[in-house]
Amino acid sequence: MRLHPDRQYLCPNTQFPIMSLATTYSPTDVEAKWYQRWQEQGFFKASANPKKTPYTIVIPPPNVTGVLHMGHMLNNTIQDVLVRRARMQGKEACWVPGTDHASIATEAKVVALLKEQGINKLDIGREKFLEHAFEWKEKYGGIILEQLKQLGASCDWDRTRFTMEPELTQAVLRVFVDLYRKGLIYRGVRMVNWDPQGRTAISDEEVIAKDVQAKMYHLRYEVVSSQLSVDSSNVGPDNGQLTTDNYITVATSRPETIMADVAVAVNPNDPRFSHLAGAKVRIPLLGREIPVIFDEYVSMDFGTGALKVTPAHDINDYNLGLKHNLPVIDILNDDGSLNEKAVLYVGQDRFAARRNIVKDLEEAGLLAKVEEYASIVQTSERTKAVIEPKLSMQWFLKMEHMAKPALEVVENDTVKLHPAKFKNTYRVWMENVRDWCISRQLWWGQQIPAYYLPDGSFVVALTPDEALELAREQSGNASLQLNDLRQDEDVLDTWFSSWLWPISVFDGFKDPDNADINYFYPTNDLVTGPDILFFWVARMIMAGLEYRKEVPFKNVYLTGIVRDNQGRKMSKQLGNSPDPLDLIQQFGADGVRTGMLFSAPAGNDLLYDEKLVEQGRNFCNKLWNAFRLVKGWQVDSTLPFANDKPVAWFNARLQAAIAELDDHFEKFRISDALMTVYKLVWDDFCAQYLEMVKPAYQHPIDAETLRHTTTFLETLLKLLHPFMPFITEELWHALAERGPREYVTVAAWPKPSTVENSEALLAGMDKALAVVSGIRTVRNQKGLGPNKPLTLVAKTDEQTLFTEYEAIIRKLGSLSELSYAEAGPAGAVSFVQGSGEFFIPMEGHIDLAAERARVEKELEYAQGFRESVMKKLGNEKFAQNAKPEVLERERQKLADAEGKITALEQALKSL
RNA sequence: GGGAGAUUAGCUCAGCUGGUUCAGAGCAUCUGCCUUACAAGCAGAGGGUCGUAGGUUCGAACCCUACAUCUCCCACCA
């Protein structure tokens, strides 16, 4: 802060005690204090209250592994703004917090931690591993929620849930059993996405395609037998090389999989290969013989036209294999290394094997060519490992049945997406969704409630006892014991628990008719990122419709990604992500919250810049100083009410702004809502209103003005509260005349009231302020100080109007005199506002030529403007086609322009 | 490869049904200022061929057509 050396910043005068407050707002103590009190008061607690309208948000449960990052800051600030406003609107506002067990992410973390201690997951076994995992969760799992409190998040902490707690696990199991019995869950061998690092299957949605520069290897397979002998006349000259020396060349990007080859496929219409009917070829290096098959699936114009068929390691090859009844040879272990079936390179990792086989092929002369080739690889969203298509036994949920209604409710706006453009994305996904692979070969998660009988068949049941009963029934063997049953080793996908979140947090599965679920469900708004639109949002809609026959929420607000100011994603590697807690420390939670919201339209990425939170902090400071001013005023109750006009005007502005604010909220334009209050506070209240009513230094104010001003400030605090809860609560109480008062946290949200003559007031003040602005411009141009008393002579046909605002113009313009005249005095600088002309006598020394040039320029512009309007009005077709009100407006514009031109011409004459 | 969206001031974005305040806001920039609430501030100013080229219309940032560029989503050609 820059301080003036001669100025007293702390005023010892006890007559104005508040002035001893620092000129800047200091958030740290204030925030801790109020958060604690809010909790003591139980403001965030919500319960089914039939007298109130419920308003519910369930938090997107952060991973237990997570620590607060900028994305959470944005996301949770928005939720808190919505919840706090709803609470003030008198709704029963319920924000349910919690965490997600994040199956694969957490397991990976715990595995890594154990590894550091020299412990292998497989050595200690499932039970012991889970002990470690829970220990870890107890230690770190709650950190992120504690951090949210510092942001001011007004969650009902008593309702904190965890997706893997016993109750929620029960919900998951119930749903699994139910869907299984409905025939929607099935078990089967399918080609799935296998993550060799996590050693588990993952769903299609957890796979990320990455562009890579890959290589295409052309391998030579020796033709060992053919019904037709190789006849060179059958082979075109160009294509000769494909089978030269009795070889067929096959293109592949994965040479290490040749040991799993079961055929080479060519297109039956391809003349280059027609002689190979019934032929066999030898796998390079390995020497195993495989047939040549013909299928139109093979493109003649891609690669060499010949395709190696490897059913175990490629979905297309798998389908081809099914069609041609080919065997499946899986040469990969779960961790991506080669197994004995590969015969060669056994034990090597797939990528090492690739390097080695390429070398060996080359040495053997079986590598015809290597091409650079732009391709994509599928990677695991969580571990980043390259995915292997793998044939394995997994559990699946049929999606078609659920996708249909879930699409419909978004199409017909029962669930509204904000911004609406995501509707398209959503539709495409819903129309193309495939069955959901829900089993994971992990331990951290809900174990699948399927129990295998000794004969290999299985039953699905909520509890082991129930399973035993079913098993006895199913097998007809009444002597079966629990020991004879073996529960499925796999756990369920994390999202198989999160999709139940809006229901399960209210115990809607355990007790589907309980008071909470009936009251709080469906929830109102969901705030989350578009990256989990399918993972989570779509599936919650499905679960909601399936289990409550009702959508889980009415609005989905999709935030953007927080990036750095160069547009890069924030990441640990780049080190471009600020620590949110440091930011809160430095700028205050309110400053950070508003900073985040300043630039965050729904669905757009937010380019984070520290300038934003600085702006937020500065806004807090502005508000703080407005408070200091008002609080410092002394009242003289003998003084008459001197500010009728400013009070009436600001009230009109305020009511208009409240209506505008509500409109922005309706449309989920949160940053626009913030900007509306920001400008209302900074521009209208501080820059204009307070300057109008502010008494001269150490002069008292009249009681009426103070009363109105205090009320205004209180209303502003209410409007600001959802955005900046801490400072508003602090000032709200500091503003209280005597004793404790109710909290602004639970104050009633202002309703816009209609103000009589509102439009006239607003328009009149605009004109007055334009004149003030004109005066200040002259001051600036002429290098006059802001307080040097000036004289203003006004020549206007709206004298009555200006008389009403005269006191304001005098005060804000620092005028010693304001008079009206028919003509301007000589030796004055003038400016034109509307059709009025305003003169400021300059005591002689003004530059006439410069003045003349300035006015002439303005005149020229006005004349040009008049020309264009006249031209438009003179156009017959315009006159015929334009709507009457448009015509009327054009005429008005013309009249205004003419008034201005006259005024300017007068001004020129008087110079 | 398929689809969706975007392109407006230095930056981030508004701009509804073509005509009001149609070219706006915040930030940044420039100039002046210690003026007794606030220099984390005050006052004022400058800044844009609305991606390009055509078209429709009396009239286009807005509608149509091409092109360019960017972003996102989806995708089983080895």
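We use all heavy atoms of the structure for the numbers below, so side chains are in, but hydrogens, waters and symmetry mates are not. We name chains A, B, ... by the order of the sequence lines, and we start the count at 1 in each one.
B/A61 sits 36 Å from B/G41 when the C1' atoms are compared, rounded to a whole Å. Atom C1' of B/G48 sits at a distance of 14 Å from the matching atom of B/C11, rounded to the whole Å. Nucleotides B/U8 and B/G26 have their C1' atoms positioned 15 Å apart, rounded to a whole Å. Comparing the C1' positions of B/C22 and B/G15 gives an interatomic distance of 9 Å, to the nearest angstrom. A distance of about 14 Å separates the P atoms of B/C34 and B/A39, rounded to the whole Å. For the P atom pair drawn from B/A78 and B/A4, the interatomic distance equals 24 Å after rounding to whole Å. Comparing B/U57 with B/A75, their P atoms sit 45 Å apart, to the nearest whole Å. Taking atom C1' on both B/U7 and B/C13, the two are 12 Å apart, rounded to the nearest angstrom.
Checked against a 6.0 Å centroid threshold, the rings of A/Y689 and A/F712 count as neighbours. The ring of A/Y678 has its center closer than 6.0 angstrom to the ring center of A/F598.
The distance from atom OH of A/Y221 to atom P of B/A78 is 16 Å, rounded to the nearest whole Å. Summarising the geometry, the separation between CG on A/N604 and C1' on B/U71 is reported as 11 Å, rounded to the nearest angstrom. Computed from coordinates, the A/M430 CE to B/C74 P distance equals 14 Å when rounded to whole Å. Computed from coordinates, the A/D663 CG to B/G15 C1' distance equals 14 Å when rounded to whole Å. Between the CZ atom of A/R779 and the P atom of B/A45 there is a distance of 14 Å, given to the nearest Å. The CG atom of A/N319 sits 13 Å away from the P atom of B/C77 (whole-angstrom rounding). Residue A/L887 contributes atom CG, which lies 15 Å from atom P of B/G59 at whole-angstrom precision. Counting to the nearest Å, the P atom of B/U12 and the CZ atom of A/R669 are 20 Å from each other.
The shortest distance between the side-chain N/O atoms of A/N618 and the OP1/OP2 oxygens of B/G41 is below 4.0 Å. Between A/K694 and B/A37, a side-chain N or O to OP1/OP2 separation shorter than 4.0 Å is present. Distances shown here put every side-chain N or O of A/Y608 at or beyond 4.0 Å from the OP1 or OP2 atom of B/C11. Contact annotation: A/T23 side-chain N/O to B/G41 OP1/OP2 distance is not under 4.0 Å. A sub-4.0 Å separation between OP1 or OP2 of B/A45 and a side-chain N or O of A/N780 is absent.
Within the 4.0 angstrom heavy-atom criterion, only backbone atoms of the sugar-phosphate kind lie near A/Y373; the bases stay farther away. Across all strands, A/L607 comes closer than 4.0 Å only to sugar-phosphate atoms, never to a base (heavy-atom distances). A/E691 comes within 4.0 angstrom of a base, heavy atoms only. Using a 4.0 Å heavy-atom cutoff across all strands shown, A/V298 reaches at least one base atom of the nucleic acid. Nucleic acid contact for A/F619: none, since no nucleic acid atom lies under 4.0 Å from a heavy atom of the residue. Residue-level contact check: A/A265 touches neither bases nor backbone, having no heavy atom under 4.0 Å from any strand. Heavy atoms of A/C620 sit nowhere under 4.0 angstrom from any nucleic acid atom. In this structure, A/T310 reaches neither bases nor backbone, as no heavy-atom distance under 4.0 Å exists between it and the strands shown. Heavy atoms of A/R776 sit under 4.0 angstrom from primed sugar atoms or phosphate atoms, though from no base atom.
Counting only distance, with no hydrogens or angles, the side chain of A/T594 and the backbone of A/D590 share a donor-acceptor pair below 3.5 Å. Side-chain atoms of A/D314 come within 3.5 Å of backbone N or O of A/D317 as a donor-acceptor pair. A/T304 contributes a side-chain N or O that, together with a main-chain N or O of A/A306, makes up a donor-acceptor pair within less than 3.5 Å. The closest donor-acceptor contact from the side chain of A/R272 to the backbone of A/M300 lies under 3.5 Å. Between the side chain of A/D261 and the main chain of A/A263, no donor-acceptor pair closer than 3.5 Å is present.
Taking the six-membered ring for Trp and thresholds of 30 and 60 degrees, A/F302 and A/Y373 have ring planes more than 60 degrees apart, a perpendicular arrangement.
The partner of B/G41, taking Watson-Crick or G-U wobble pairs whose two distances both stay under 3.5 Å, is B/C33. The nucleotide B/U71 finds its pairing partner in B/A4, both defining distances of the Watson-Crick or G-U wobble pair being shorter than 3.5 Å. Pair assignment for B/G59 gives none, since no Watson-Crick or G-U wobble pairing has each distance under 3.5 Å.
A donor and an acceptor atom sit less than 3.5 Å apart, one in the side chain of A/S299 and one in the base of B/C77. In this model, no side-chain donor or acceptor of A/K611 finds a partner on the base of B/C27 within 3.5 Å.
The 5' end of RNA chain B is approached more closely, in terms of each residue's nearest nucleotide, by A/W682 than by the other of A/Q781 and A/W682. Nearer the 5' end of RNA chain B, as judged by each residue's closest nucleotide, is the contact made by A/K421, out of A/L769 and A/K421.
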